[in-house]
Amino acid sequence: MIPLQFNVSLKPYNTLAVDVEAKIFCAVSTVDELQQVLQSHRNESLLILGGGSNLVLTSNFDGLVVHNRICGVDVLEETEASVLLQVGAGENWDDLVVACVGRGWFGLENLSWIPGSVGAAPIQNIGAYGVELKDVLVQVETVQLSDLSRHVFTREQCRFDYRDSVFKREQKGRQVIVAVRLRLSKAPRLKLDYGEIRKNAEHWGYDCTNMTPVDVREIIIRTRSEKLPDPAHLPNVGSFFKNPVVSRAQFEKIRSTDPDVVAYQQEDGVKLAAGWLVDQMGFKGKRLGQAKVHDRQALVLVNEGSDSKDVMVLAHQIQKSVRDRWGVELEIEPSIV
Ligand SMILES: Cc1cc2nc3c(=O)[nH]c(=O)nc-3n(C[C@H](O)[C@H](O)[C@H](O)COP(=O)(O)OP(=O)(O)OC[C@H]3O[C@@H](n4cnc5c(N)ncnc54)[C@H](O)[C@@H]3O)c2cc1C
């Protein structure tokens, strides 16, 4: 029998430190345990929890919260060029990155220091500094909630996009991710040309012509720690909004009034830097009750209270002001529960 707990505070389980309760809470360490607990609570609402770093809890959860602790890292195949890994969904993402970089398995170093679990990584196709999970992911293994059967989604079936996948769309709330397979390279292919990475590397005295993935990890961690508040001290969920993609015509209209708009050309339009939009509207450092836009990073909302009400009001104010000024819709990145 899997031990169940009742009326459990979720404050330690979410990086926004929202103090709401789960009616029923349990942790599972194997797929069997997961299937058992789902089978015996078929009529309860369900929340799967990883590291709680990409969700906003808005009220007590009147159902079953399952904390995913299905762990394990197995080498399925190894050649001179690459390694194929099977990783349990409950593994901590950054522990995986550090272990892989340390063993000379490369491809994850730009994704260093992203909080959360391996199992949540495919949901929004985590990405940072020019690399996304989809670049190394081979397949995702799930338990399907309708009949508790096991399924495999190939990379193509995951339909990855910018901070998006089939698990946020058609399969939303229908699958529990239990493992992922990743193919990592034994030959380093460094990616330094995104954001301020190369500039920071030079500034901090690295020789960019002769760098290792270990160096890249160090630079990414240093860059992130200068920019992003640590949730242990300032509760947050990282970027609160996705970078909106607009049509070229809309971009030209925005550029005609705001020539310094920060934007990146895409195949399907132009991606605007959401942080720039929020900053332009004067929100950086702004406080509303117990919520605040971070002083150094306009995309990060910090929660100083025990609920998420003020954070959500502030988020809606930001959305409205960006919509009113440019007609651009800012989509909230974390799941609202
Ligand atoms: C300081 C900070 C920096 C961040 N930086 C980045 C960044 O650079 N790039 C980036 O992409 N993200 C970033 N994030 C967001 C977050 O870390 C990632 O989205 C991460 O993958 C979330 O993992 P988690 O385990 O905490 O997910 P949770 O918050 O626990 O869950 C998120 C959602 O996924 C669902 N879920 C979780 N696990 C499973 C599962 N096994 N099966 C099915 N559904 C599941 C949950 O129900 C919920 O809806 C950042 C967050 C913070 C706090």
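Whatever order the structure lists them in is the order used to number ligands and atoms, beginning at 1.
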Under 3.5 Å, N or O to N or O, is [X] touching ligand 1 that way?
| X | answer |
| --- | --- |
| Gly51 | yes |
| Ala89 | no |
| Gly50 | yes |

Handout entry: Short N-O contact, Lys191 and Glu109, less than 4.0 angstrom
Key =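 No, this pair does not count.
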
Handout entry: Salt-bridge contact Arg163-Glu331 (side-chain N to carboxylate O under 4.0 Å)
Key =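 So Arg163 does not pair with Glu331 through a salt bridge.
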
Handout entry: Between CG on residue Asp258 and CG on residue Asp260, distance to nearest 0.5 Å
Key =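 One finds 7.0 Å between CG of Asp258 and CG of Asp260.
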
Exercise for the section: Mind checking the NE2-OG spacing from His67 to Ser117? Nearest 0.5 Å is all I need. Expected result: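 It is 7.5 Å, given to the nearest 0.5 Å.
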
Among all protein heavy atoms in this structure, tell me which lies nearest to [atom], with the distance rounded to 0.1 Å.
| atom | answer |
| --- | --- |
| atom 14 (N) of ligand 1 | Ile114 CG2, 4.2 Å |
| atom 23 (O) of ligand 1 | Ala120 CB, 3.2 Å |
| atom 31 (O) of ligand 1 | Leu55 CD2, 3.9 Å |
| atom 28 (P) of ligand 1 | Gly52 N, 3.5 Å |
| atom 22 (C) of ligand 1 | Ser53 OG, 3.3 Å |
| atom 32 (C) of ligand 1 | Asn54 O, 3.8 Å |
| atom 5 (N) of ligand 1 | Arg224 NH2, 2.8 Å |
| atom 41 (N) of ligand 1 | Ile177 O, 2.9 Å |

With atoms numbered from 1 as shown, which atoms in ligand 1 lie under 4.0 angstrom from a non-hydrogen atom of [X]?
| X | value |
| --- | --- |
| Asn68 | 41 (N) |
| Asn236 | 1 (C), 53 (C) |
| Leu47 | 47 (O) |
| Gln175 | 43 (C) |
| Gly116 | 23 (O), 24 (P), 25 (O), 26 (O) |
| Gln124 | 10 (C), 11 (O), 12 (N), 15 (C), 18 (C), 19 (O) |
| Val237 | 51 (C), 52 (C), 53 (C) |
| Ile123 | 34 (O), 35 (C), 36 (N), 39 (C), 43 (C), 44 (N), 45 (C) |

Exercise for the section: Inspect the surroundings of CZ in Arg189 and state if more than 12 heavy atoms from other residues, nucleotides or ligands are less than 6.0 Å away. Expected result: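 Atom CZ in Arg189 is not packed in, count stays at 12 or less.
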
Would you tell me whether [X] and [Y] have side-chain atoms, one donor and one acceptor, within less than 3.5 Å of each other?
| X | Y | result |
| --- | --- | --- |
| Asn125 | Glu132 | yes |
| Gln124 | Glu333 | yes |
| Ser82 | Arg183 | yes |
| Ser321 | Asp324 | no |

Exercise for the section: Apply side chain to side chain donor-acceptor pair (under 3.5 Å) to Arg248 and Gln265, showing your working. Expected result: CA-CA 9 Å; Arg248 281 179 217 290; Gln265 295 293 330; 2.5 Å; yes

Exercise for the section: Quick one: do Gln139 and Glu141 satisfy side chain to side chain donor-acceptor pair (under 3.5 Å)? Show the steps, please. Expected result: CA-CA 7 Å; Gln139 68 180 47; Glu141 297 184 14; 3.2 Å; yes

Problem - Counterpart residues, salt bridge (Lys or Arg N to Asp or Glu O under 4.0 Å), relative to Arg159 (two or more places apart) - result: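 Partners of Arg159 under the salt bridge (Lys or Arg N to Asp or Glu O under 4.0 Å) test: Glu170.
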
Handout entry: Residues that Asp310 engages under salt bridge (Lys or Arg N to Asp or Glu O under 4.0 Å), provided they are two or more places apart
Key =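 Salt bridge (Lys or Arg N to Asp or Glu O under 4.0 Å) list for Asp310, sorted by chain: empty.
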
Problem - Side chain, backbone, both or neither: the part of Arg163 lying under 4.0 Å from ligand 1 by heavy atom - result: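 Side chain only; the backbone of Arg163 stays clear of ligand 1.
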
Look at [atom] and find which of [options] reaches it with the closest heavy atom.
| atom | options | result |
| --- | --- | --- |
| atom 46 (C) of ligand 1 | Leu228, Val131, Ile48 | Ile48 |
| atom 50 (C) of ligand 1 | Pro115, Gly173, Gly88, Ser112 | Pro115 |
| atom 49 (O) of ligand 1 | Gly127, Pro334, Ser335 | Ser335 |

Practice task
Could you label the plane-to-plane angle of the Tyr194 and Tyr264 rings as parallel, tilted or perpendicular, counting under 30° as parallel and over 60° as perpendicular?
Solution key: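 Tyr194 and Tyr264: parallel rings.
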
